[in-house]
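Below: the structure, in structure tokens.
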Amino acid sequence: MHWADAFVKDLEGKQTVSTGISPSGHIHVGNMREILTGYFFHRALQDKGTESRFIYLCDDIDPLRKVYPFLKREQYEQHVGKPLSSIPAPEGEGTYSEYFLKPFLETLETIGVKVEVIRSTDLYRDGVFEKAIDIVMNNVPRIREILETVSGRQLEANWAPYNPICSACGRINSTSVKGYTYPYIEYTCKCGNSGKADIRKNEGKLPWRIEWPAKWYALGVTIEPFGKDHGAAGGSYDTGKAIAEEIFGIEAPKYLIYERIFLKGKGAMHSSTGNVIAASEMVKSAPPEILRFLIARSQPSRHIEFDPGLGLLNLVDEYERYRNVFYGLAEAADEDDARTYELSRVMEEKPDTFVSFRHLITLVQIYPTEDMLLKALQRGGYGGTELSSYLRKQVEIANSWLETYAPEQVKFSLLPQDSKVELTQEETALASSFLGKMDSIEWTPEGIHNTIHELIKEQNLQPKTGFAAFYKILIGKERGPRLGYFLSNLDRDRIQQRFKAVLA
RNA sequence: GGGCCCAUAGCUCAGCUAGGUAGAGCAUCUGGCUUUUAACCAGGUGGUCGAGGGUUCGAAUCCCUCUGGGCCCGCCA
């Protein structure tokens, strides 16, 4: 059974699956594990007939913690400590949080993940947390005790479970609470200001360890996946659970702790280190279903070694195998293969329009126009009369991948006309006999192919060795695309000149 | 000092939560094939399952210890 199905197997009654990512920087491939793990739970629930709500909480009221490496110091120094939803975007119009949220939401659209997006600023502004905050403010001593006991940390004497946003300087990290009379929290700020924050509005926020259980309470969260950083003993899940039970009188959600995603050879993806690939960048250079597949096929407890280069191509190969299993075209290696495909695919496809991505990688390097590409695909069994919009997109993605992530191994291009190549005697003989026939060859795929094949046989060479000679001369590699189609697409004179130059 | 996760073929991983003679894909090699465009077909090489101990007739699988890698137990999320 797939891990997502196993997780929800025994759950009954309406479920609310919650996920959350802070828009403090580019939302990257590593963050996708949060949203997709939740999404798969949601799907698994629906597929077994259990009602489910799936939400993504965008923590946009969180303050800017520091000037991140990707920000301009002179622009952002003044904004440290202010909510992400109230400071300007690094470029263009709009707020900081929306600037990073937008490409993420577009990516979700691209990969076909539908989720209810909730901004935490809105939750505060609309009073959704009103009751939770009131409960919290009336239970400060008990909450303090829970935090100190469960997490083992010592809280400062003036600690309060609410951080007001200063009405004068806009900072959330420089205020201290002085008192509470519903619905106002009195505070003073280091900037000299003092005032009242209305708990029914977005005039302050709960600190994370309180806010989390407050979300469970206010939104009725029953399931939540989260990274292992929250899961340590005494960590925020432990304190959240205690607060949920003892203060709010609710059960903490059923949880799953997932591992991080690493960039192959470069360690964990972390916005602060810059070691990231933005999710919105990845979907430009990888088929959209692959992002889902990456997460769906891996056990959540295992870290993922993500390789956008050759590894990506292997990943797509595997995805396509699973697809074939689903359609009964191949035998399953594992009982979950078909289910994993089902959770990963973005849209339904007909088997006669399957085109392997690896194949496409070759084709786009040979054919410059869509028309030529279509004809090539049709020769290969493609059933459509024109390129589907999906395929057109795949072509775009293939080109982008070749430019951005592809290793030399899968790329090819014609060598410069005058570049030198070392040939054996046999290869030289073969090349010169080919050159001799150049003018009489019928310049079609079959004509070229047949001629070359005859020449190889005449000289008693292994086909492999013979073909390799041509690849060495043309693209400097041992292997390459089938010669007939490849050469027929190229200018005959140019090839002739190339062989002359090599043999000179 | 404490908690958690991971370690299986060159690479990516499955198998582990009902213990029973090590698996898949990719890579590599061999053979076939070169009008299904690095295709495809057949086959091979390749692992003392991180180390040590224990339980067992039998351990990759259960228990303990250790090693290595990663994350957390301050603030913030």
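Naming convention: chains lettered A, B, ... in sequence-line order (proteins, then strands); numbering from 1 in each chain.
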ask   = For B:rA39, which nucleotide in any strand shown is its Watson-Crick or wobble partner with both distances under 3.5 Å?
value = none
key: Gap between atoms CG and C1', on A:Asp238 and B:rC73 respectively (whole Å)   = 10 Å
Please state whether the phosphate of [N], meaning OP1 or OP2, lies under 4.0 angstrom from any side-chain nitrogen or oxygen of [X].
{"X": "A:His303", "N": "B:rG69", "answer": "no"}
{"X": "A:Lys205", "N": "B:rA77", "answer": "yes"}
{"X": "A:Arg302", "N": "B:rA7", "answer": "yes"}

request  = Examine the side chains of A:Asp60 and A:Thr121 and answer whether a donor and an acceptor come within less than 3.5 Å of each other.
outcome  = yes
Minimum-distance nucleotide to [X] side chain [options: [options]]:
{"X": "A:Asn314", "options": "B:rC13, B:rA77, B:rC26", "result": "B:rC26"}
{"X": "A:Glu259", "options": "B:rA38, B:rA77, B:rC5", "result": "B:rC5"}
{"X": "A:Arg321", "options": "B:rA38, B:rG25, B:rA14", "result": "B:rG25"}

ask   = Which part of the nucleic acid, if any, lies within contact of A:Phe467, taking any heavy atom under 4.0 Å across all strands shown: a base, the sugar-phosphate backbone alone, or nothing?
value = base
inquiry  = Regarding A:Ser301, tell me which of base, sugar-phosphate or nothing describes its non-hydrogen contacts under 4.0 Å with the strands shown.
reply    = sugar-phosphate
message = Can you confirm whether A:Phe326 sits close enough to A:Asp337 that some side-chain heavy atom of one is under 4.5 Å from a side-chain heavy atom of the other?
response = no
